[in-house]
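Whatever order the structure lists them in is the order used to number ligands and atoms, beginning at 1.
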Amino acid sequence: MKQKPFTLPSKKTILVTGGAGFIGSNLCEVLLKNDNSVRCLDNFATGKVSNIEPLLDDSNFELIEGDIRDLTTCINAASSTDFILHQAALGSVPRSIKDPITSNEVNISGFLNMLTAAKEAGVKRFVYAASSSTYGDSKEMPKIEDRIGKPLSPYAVTKYVNELYADVFNKTYGLNTIGLRYFNVFGRKQDPNGAYAAVIPKFVMQLMRHESPTINGDGSFSRDFTYIDNVIEMNIRAMMSEDKNALNTVYNVAFGERTNLNQLVDLLKQYLSKFDENILNVEVKHGPNRLGDVPHSLASIEKAKRLLGYDPRFDINQGLKNAVDWYWNNL
Ligand SMILES: NC(=O)c1ccc[n+]([C@@H]2O[C@H](COP(=O)([O-])OP(=O)(O)OC[C@H]3O[C@@H](n4cnc5c(N)ncnc54)[C@H](O)[C@@H]3O)[C@@H](O)[C@H]2O)c1
């Protein structure tokens, strides 16, 4: 089936913060391909040069190595830009539980710096990475944008505060913003290493090495896993929408289906067995549930469809197949 068309920006100057990270580097790549000037601001806290290596020779790409906790850096990076796609933050619920102070400094003070820089630069739009963690302890499913619960982690607090600040910057300074509540994004370039690695790249790497992945809990917890290309689509639609009613609000960014952890591992084994059939025999371990984890997460994507024309092309099966191919060829 044909996707509802959307227009990519062209010949614009776009700042992508966190542009050396998983989502940010994918955004930089797509925007550069369409003849934009792309500025990437990143301090490499979790981002990697290898994510942007192929872009460094492009005369339309500028890397600014700097920290969003420094206002002057943000102001310089934002000057003369048309759009800002703000992705820089410290992700991970467990990281924020271990060190809430640093998560707060980067995700809240850094965010406020970027909003201030966006206002000073007079950008057309500030599109930012919000998070499904904002639904917190709400048991309602599917999650609908205007019905949230109480946050369950310092990370969730920071992402909720981002939404509050964005709203206030619109009301008080007229800055146009759109918040994108990402639901468990996965795909090429997502880091499989480190204590705070996301579940899909971590499990792929372990299965490729015939190591047993450990599922936290009995595997019944479920997520609305979202392939990177759907996230790129939403960033572009958020940036380009001409509809005033679509601005200064937040959207779920998801596929709108949920998969539990046991099903996820089965799918990964199945798709990886195309390269190495012994992966089918790797056993799974189960550990305790993780503090701050919500049992189930499923998004309604009705608002994004209605106001931004969102039409995600990649379901979990197609997304995982693409991701597994990429990891097999790049790890
Ligand atoms: N991946 C997901 O499933 C998911 C879900 C919800 C929300 N998000 C949000 O999406 C955004 C991108 O996440 P990601 O998965 O690409 O993570 P990532 O860690 O790969 O990317 C984050 C980038 O921000 C950079 N960064 C961190 N602190 C910085 C600082 N002080 N100054 C400048 N740069 C800094 C990192 O170096 C990294 O390149 C984040 O805001 C994250 O909270 C991601």
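Residues V123 and I75 are members of separate hydrophobic clusters, defined by side-chain heavy-atom contacts under 4.5 angstrom among Ile, Leu, Val, Met, Phe, Trp and Tyr. Hydrophobic clustering of Ile, Leu, Val, Met, Phe, Trp and Tyr side chains at less than 4.5 Å, counting indirect connections, keeps L55 apart from L15.
The side chain to side chain contact (heavy atoms under 4.5 Å, CB included) search around A45 returns N43, L90, not counting sequence neighbours.
Ligand 1 has a nitrogen or oxygen under 3.5 angstrom from a nitrogen or oxygen of I68. The shortest N/O to N/O separation between Y182 and ligand 1 does not fall below 3.5 Å. Any N or O atom pair closer than 3.5 Å counts here, and Q87 shares at least one such pair with ligand 1. On a distance-only criterion, G91 and ligand 1 share no N/O pair closer than 3.5 Å. Checking only distances, L90 never comes within under 3.5 Å of ligand 1, N or O to N or O.
Between F126 and F111, the distance from one ring center to the other falls under 6.0 angstrom. Ring centroid separation for the pair F255 and F314 does not come in under the 6.0 Å cut-off.
Neither the backbone nor the side chain of R181 has any atom closer than 4.0 Å to an atom of ligand 1 (non-hydrogen atoms only). Counting heavy atoms closer than 4.0 Å to ligand 1, residue A130 contributes backbone atoms (N, CA, C, O) but none from C-beta onward. Residue-level proximity to ligand 1 for N43 is carried by backbone and side chain together, each with a heavy atom below 4.0 angstrom.
Counting only distance, with no hydrogens or angles, the side chain of D167 and the backbone of N248 share no donor-acceptor pair below 3.5 Å. Side-chain atoms of H286 come within 3.5 Å of backbone N or O of G217 as a donor-acceptor pair. Side-chain atoms of R39 come within 3.5 Å of backbone N or O of A77 as a donor-acceptor pair.
For the residues D42, T134, L180, the heavy atom positioned nearest atom 37 (O) of ligand 1 is part of D42. Proximity annotation for atom 27 (C) of ligand 1: of A89, S132, G110, A88, A89 comes nearest, heavy atoms only.
A side chain to side chain donor-acceptor pair (under 3.5 Å) with D82 is found for exactly one of K124, K12, R125, namely K124. A side chain to side chain donor-acceptor pair (under 3.5 Å) with R188 is found for one member of N51, N26, N329 and no other, namely N26.
The pair K305-D311 fails the salt-bridge criterion, with no side-chain N (NZ, NE, NH1 or NH2) lying under 4.0 Å from an Asp/Glu carboxylate O. Remark: E233 does not engage R313 in a salt bridge, criterion side-chain N to carboxylate O under 4.0 Å.
More than 12 heavy atoms of other shown residues, nucleotides or ligands fall within 6.0 angstrom of atom OH in Y271.
Close contacts of ligand 1 with V106, meaning ligand atoms under 4.0 Å from a residue heavy atom, involve 28 (N), 31 (N). Close contacts of ligand 1 with G47, meaning ligand atoms under 4.0 Å from a residue heavy atom, involve 36 (C), 37 (O), 38 (C), 39 (O). Atoms of ligand 1 lying under 4.0 Å from at least one heavy atom of G21, given by number and element, are 20 (O), 21 (O), 38 (C), 39 (O). If you number the atoms of ligand 1 from 1 as listed, the ones under 4.0 Å from a heavy atom of G66 come out as 32 (N), 33 (C). Ligand-side atoms of ligand 1 in range of A129: 9 (C), 10 (O), 11 (C), 41 (O), range being under 4.0 angstrom from any heavy atom. Less than 4.0 angstrom separates some heavy atom of V185 from each of these atoms of ligand 1: 1 (N), 2 (C), 3 (O). Each of the atoms 37 (O) of ligand 1 lies under 4.0 Å from some heavy atom of F44. Which parts of ligand 1 touch G18 is read off a 4.0 Å heavy-atom cut-off, strictly below it: atoms 23 (C), 24 (O), 25 (C), 39 (O).
Within a 4.0 Å radius of atom 17 (O) of ligand 1, the protein has no heavy atom.
In terms of protein heavy atoms, atom 15 (O) of ligand 1 is closest to F22 CD2, 3.6 Å. Summary of contacts: the protein heavy atom closest to atom 42 (C) of ligand 1 is Y155 OH, 3.7 Å. Regarding atom 36 (C) of ligand 1, its nearest protein heavy-atom neighbour is T46 OG1, 3.2 Å.
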